[in-house]
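The model shown is predicted, which means the values in this text are computed figures rather than measured ones. Sequential numbering from 1 along the given sequence is applied to the chain's residues. These numbers come from the heavy atoms of this one structure, side chains and all, not from hydrogens, waters or symmetry mates.
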Amino acid sequence: MPEAFSLPYEYVDHLIKPGLQTGAGPVALNQYLCKNQKNGGNDGATSFYKNFRWIKNEYGMSLHKHVGGKNIDLAWKGQGNDQTFIAIWNFMLNNKDLLDKYKVEVCGRTHSDGTKDVKATGKIKRMYFDKMSDRAALQQMVQDRFFGMDCIGFVQNFMIWVGERADYQAVEPRKYPTHVCKINIDDIKEVKPLDFMVWNGHVALVDWVWKQLDDNSAHIDMCQSSSGGPQCNEYVVLKQTNGKGINGGREFTISSGTPTPPVRGHFTIWRREGFWY
């Protein structure tokens, strides 16, 4: 388990400032996407991948073969890595004629009853690439929720990006203290960069610790992917409580921050042995 030479905010910048380098220029992966219907679902992405991944170009190459089935499955769930998205987008740019062979659905968040929120239906080339530049078309498809990243995808792919993991391992947030980061942080004064902030259904990373405000609170930066996509929340107030949460860990809360962190409530903080900055 190596020392990390980059912080989470640098991975956020890699993804969105200005974005991932495609053949059309940088495209920001500034969207949250999660397969879980309670977190918005991935109806539009499903309509894209279920057809486009199999269609072959004139050389017999399909997206499925070019990118790899596992990589596409992860991207479809909101857990793809940066290289996968670049490969998908460049394949689209190089095979625009394939984008007129089927229709997709532009969808908002899944309704509470599980039904789709279909906002538009059409062929990708006609809806996007025939109306705007290639770069703008890809960026609009991100905004329309065909591509994005969820909280698990962000944390796991950051670990791959800094060399802590060789490949992707899907772990539910509440199981992180058992499978990913087993050292509980019980005292706010011990919190460090790269510590894991674990909710029952969400996970984020401590990016930096600025200063202690008092015995029970501190100013930190944190990074995550939630509403708004991959982001760094600066000068968040971290507060220690007397409660116990997941796996008996000390509970903390957060407030303030720029931008305001989308996920609040009580969470625990954990550290991965040997993973440090």
Side-chain angles (χ1 to χ4, degrees), residues 1-15 32 34 70 74 77-84 149-210 212 218-226 229-234 236 238-241 243-254 257 261-277:
M1 297 182 185
E3 173 186 5
F5 293 97
S6 297
L7 286 166
Y9 89 88
E10 295 176 86
Y11 188 53
V12 172
D13 287 352
H14 172 65
L15 295 174
Y32 177 79
C34 182
K70 180 180 178 180
L74 289 172
K77 293 194 296 183
Q79 297 167 9
N81 66 38
D82 46 313
Q83 295 304 311
T84 293
M149 184 175 281
D150 69 9
C151 65
I152 300 170
F154 176 82
V155 170
Q156 288 287 324
N157 284 304
F158 169 74
M159 293 170 69
I160 294 171
W161 192 65
V162 297
E164 175 63 9
R165 279 199 158 158
D167 53 21
Y168 189 90
Q169 298 180 34
V171 179
E172 296 178 41
R174 63 185 178 85
K175 294 183 179 180
Y176 265 61
T178 303
H179 299 288
V180 180
C181 41
K182 302 178 181 180
I183 303 170
N184 179 237
I185 305 304
D186 189 66
D187 188 333
I188 196 169
K189 299 180 183 65
E190 299 300 318
V191 175
K192 296 179 179 180
L194 304 189
D195 284 345
F196 295 74
M197 306 165 73
V198 181
W199 287 256
N200 185 49
H202 183 59
V203 62
L205 290 165
V206 175
D207 183 74
W208 196 251
V209 179
W210 289 105
Q212 293 293 135
H219 260 150
I220 68 165
D221 291 349
M222 61 182 288
C223 291
Q224 62 186 311
S225 186
S226 186
Q231 61 194 271
C232 183
N233 311 103
E234 300 178 318
V236 173
L238 174 69
K239 186 173 288 289
Q240 177 178 302
T241 79
K244 295 293 182 178
I246 297 172
N247 284 31
R250 165 87 66 177
E251 286 189 324
F252 294 81
T253 62
I254 50 175
V263 179
R264 302 297 188 93
H266 291 77
F267 59 92
T268 52
I269 298 180
W270 302 81
R271 182 169 299 156
R272 181 173 171 85
E273 185 177 0
F275 187 44
W276 58 285
Y277 175 80

Quiz item: Looking at residues at least two apart in the chain, or sitting in another chain, which of them share a side-chain contact (heavy atoms from CB on, under 4.5 Å) with Asn200?
Solution: Arg174

Exercise. Please collect all side-chain hydrogen bond (donor to acceptor under 3.5 Å, both in side chains) contacts where either partner lies in residues 150-162, sequence neighbours excluded, each pair once.
Key: Gln79-Asp150, Gln156-Arg165, Gln156-Tyr176

Quiz prompt | Candidate pair Ile152 and Tyr168, rule side-chain contact (heavy atoms from CB on, under 4.5 Å), full reasoning | solution = CA-CA 10 Å; Ile152 300 170; Tyr168 189 90; 3.3 Å; yes

Quiz item: Would you call Met222 and Leu205 a side-chain contact if the rule is heavy atoms closer than 4.5 Å?
Solution: no

Exercise. List in chain and number order the residues that pass side-chain contact (heavy atoms from CB on, under 4.5 Å) with Lys244, two or more places apart in sequence or in another chain; answer none if no residue qualifies.
Key: Asp186

Quiz item: What pairs meet the ring-ring contact (aromatic ring centres under 6.0 Å, His included) rule with one or both residues in residues 181-200, with sequence neighbours excluded?
Solution: Trp199-His202, Trp199-Phe267

Quiz item: Taking Asn184 for the side chain and Gly248 for the main chain, is one N or O donor matched with an acceptor at less than 3.5 Å?
Solution: no

Practice problem: Decide, yes or no, whether a salt bridge links Arg272 with Glu164 under the criterion of side-chain N to carboxylate O below 4.0 Å. | Solution: yes

Quiz item: Looking only at atom types and distance, does a side-chain atom of Thr241 sit under 3.5 Å from a main-chain N or O of Glu251, one as donor and one as acceptor?
Solution: yes

Quiz item: Is a side-chain donor or acceptor of Asn81 paired with a backbone partner of Thr84 at a separation under 3.5 angstrom?
Solution: yes

Self-check item: Side-chain donor/acceptor of Gln240 to backbone N/O of Ile188, under 3.5 Å
Solution: yes

Quiz item: Is a donor on one side and an acceptor on the other found under 3.5 Å between the side chain of Asp195 and the backbone of Ile269?
Solution: no

Practice problem: Would you please name every residue forming a side-chain contact (heavy atoms from CB on, under 4.5 Å) with Ala166, sequence neighbours left out? | Solution: none

Practice problem: Quick one: do Trp210 and Asp221 satisfy side-chain hydrogen bond (donor to acceptor under 3.5 Å, both in side chains)? Show the steps, please. | Solution: CA-CA 8 Å; Trp210 289 105; Asp221 291 349; 2.9 Å; yes

Quiz prompt | Residues forming a side-chain contact (heavy atoms from CB on, under 4.5 Å) with Pro193, sequence neighbours excluded | solution = Leu7, Trp208, Val209

Quiz item: Donor-acceptor pair, Ser225 side chain versus Met149 backbone, under 3.5 Å?
Solution: yes

